[in-house]
Amino acid sequence: MMRSGFRQQEQSIPEMRADLEAMSAGAMVPEGTRCRPVRAGGVPCEWIDAPDAAADAAILYLHGGGYVVGSINSHRAHVARLSAACGARGLAVDYRLGPEHPHPAAVDDAVAAYGWLLAQGIRPSRVVVAGDSAGGGLTVATLLALRDAGAPLPACGVCISPWTDLTCSSDSMTTRAAVDPMVKPDVLRRMAAAYLGDADARTPLASPLHARLHGLPPLLVHVGTAETLLDDATGLAERARAAGVDVTLEVWEDMIHVWHCFAPMLPEAERAIARIGEYVRARVG
């Protein structure tokens, strides 16, 4: 299905955006989910809350899409399932995208939304920053920016198939290309160029694999073995552990990029979301 549906190599960025929105239109939000638009620190966001979500706990969610595509619409159903699994409200962030808004616009928006959450009276120990793909890398970049600013850090971070190295030079970019039906190196390089603008691809807040990772909160990292971004995830885990960060790396056999979004049709997706719920509940309470 993915091989037949993805045409990114032939598409412009506006075409990719429209295609993803169309593909996401049929994603069903679980019954009882409450969705409400809000501006969080000036950034358009949406509360996406499962029926039993605790009012004083939040998942700040950063969607994937290579920093150039994706939206609240494309990830609403996914965030709703995470809200249910974690027992916390979901705040999906519609951060600015490249090339119209190059780096560090996405980081600035994520930090602003996090600050707004704390201003609402939600304690940092009750907040999780999470994201998939580019949003997974942005999760780490947001934590780094908060650390460097001396801001109170959240309880933990969750990185799903994170893109952490915008140089796109890891071994798995080549060794996994034939088995990954979604993420192609040439498309990633085009997305990286559109997001980076004049910034270097090794800039730490764009490519957190190249950052000093000390002082971050605990991290959960999920990645599948059928991903070109496999090394981005395992490399992040290795470097973070070496810096003293509490990292839980889970490599899922035969899973593709952000397989979590294929719930409920894929049993492994439901299990992975449940696992995130277990991890978050153990740290947020």
Side-chain angles (χ1 to χ4, degrees), residues 1-28 44 46 61-79 92-107 109-110 131-138 141 160-170 172-199 201 206-207 223-224 226-233 255-263 265-266 269:
M1 181 183 74
M2 296 308 303
R3 291 187 189 282
S4 64
F6 262 62
R7 301 176 293 112
Q8 291 180 335
Q9 288 166 296
E10 311 134 26
Q11 291 179 312
S12 65
I13 287 174
E15 288 171 333
M16 282 191 276
R17 290 174 180 169
D19 211 20
L20 182 57
E21 291 291 315
M23 288 175 62
S24 307
M28 299 296 294
E46 184 170 297
Y61 197 83
L62 306 169
H63 68 78
Y67 293 108
V68 298
V69 304
S71 67
I72 292 171
N73 291 336
S74 65
H75 283 66
R76 184 177 288 112
H78 172 61
V79 176
V93 182
D94 205 9
Y95 59 86
R96 289 169 292 170
L97 302 175
E100 298 91 340
H101 305 284
H103 175 77
V107 182
D109 287 355
D132 66 278
S133 194
L138 182 56
I160 301 171
S161 301
W163 186 21
T164 64
D165 182 10
L166 271 62
T167 70
C168 304
S169 59
S170 70
S172 62
M173 284 287 169
T174 302
T175 61
R176 306 287 168 161
V179 295
D180 190 329
M182 295 175 62
V183 181
K184 301 303 180 185
D186 56 339
V187 177
L188 272 186
R189 292 185 184 99
R190 187 154 55 101
M191 289 175 161
Y195 172 61
L196 287 167
D198 295 329
S207 293
V223 69
E227 295 200 49
T228 54
L229 292 178
L230 176 61
D231 288 351
D232 282 56
M255 288 299 100
I256 64 171
H257 190 59
V258 197
W259 70 97
H260 309 59
C261 286
F262 291 92
M265 73 173 75
L266 186 66

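In this chain, residues are counted from 1 in sequence order.
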Mind checking whether His75 and Tyr61 have parallel, tilted or perpendicular rings, split at 30° and 60°? tilted
For the atom pair CD1 (Ile72) and OG (Ser24), what is the distance rounded to the nearest 0.5 Å? 12.5 Å
May I have all residue pairs that pass salt bridge (Lys or Arg N to Asp or Glu O under 4.0 Å) and include part of residues 95-104, sequence neighbours excluded? Arg17-Glu100, Arg96-Asp109
Strictly distance-based, threshold 3.5 Å: is any side-chain N or O of Asp165 a donor or acceptor partner for the main-chain N or O of Asp232? no
Can you see which heavy atom on Tyr95 is nearest to which on Ala106, and at what distance? CD1-CB, 3.6 Å
What pair of heavy atoms forms the shortest contact from Tyr195 to Ala206, and how long is it? CE2-CB, 4.3 Å
Do Met191 and Val187 have side chains that get closer than 4.5 Å, going by heavy atoms? yes
Just wondering, do Ile160 and His78 contact through their side chains at under 4.5 Å, heavy atoms? yes
Looking at residues at least two apart in the chain, or sitting in another chain, which of them share a ring pair (Phe, Tyr, Trp, His ring centres under 6.0 Å) with His101? none
Between Leu266 and Met255, is there a side-chain heavy-atom distance shorter than 4.5 Å? yes
State which residue, out of Thr164, Asp132, Leu62, fulfils the side chain to side chain contact (heavy atoms under 4.5 Å, CB included) condition with Leu138. Leu62
Donor-acceptor check, side chain of Ser207 to backbone of Leu166, threshold 3.5 angstrom: yes or no? yes
Rounded to the nearest 0.5 Å, what separation is found between the OG1 atom of Thr228 and the CE atom of Met173? 5.0 Å
Taking all atoms of both residues into account, what is the closest heavy-atom pair of Pro162 and Gly137, and its distance? CB-N, 4.0 Å
Between Glu227 and His257, is there a side-chain heavy-atom distance shorter than 4.5 Å? yes
When every non-hydrogen atom of Ala134 is compared with those of Gly65, the smallest separation belongs to CB-N, 4.3 Å
Distance check, rounded to the nearest 0.5 Å: Leu97 atom CG versus Ile13 atom CD1? 9.5 Å
Correct closest heavy-atom pair for Leu230 and Ser172 would be N-OG, 3.7 Å
Does Cys168 reach the side chain of Trp163, with side-chain heavy atoms less than 4.5 Å apart? yes
Measure across Ser161 and Val258 and return the closest heavy-atom pair with its distance rounded to 0.1 Å. OG-N, 3.0 Å
Interatomic spacing from CE in Met182 to SG in Cys261 - rounded to 0.5 Å: 8.0 Å
If the test is side-chain hydrogen bond (donor to acceptor under 3.5 Å, both in side chains), which one of Glu21, Glu46, His63 qualifies with Ser71? Glu21
Any non-hydrogen side-chain atom of Leu229 less than 4.5 Å from a side-chain atom of Leu188? yes
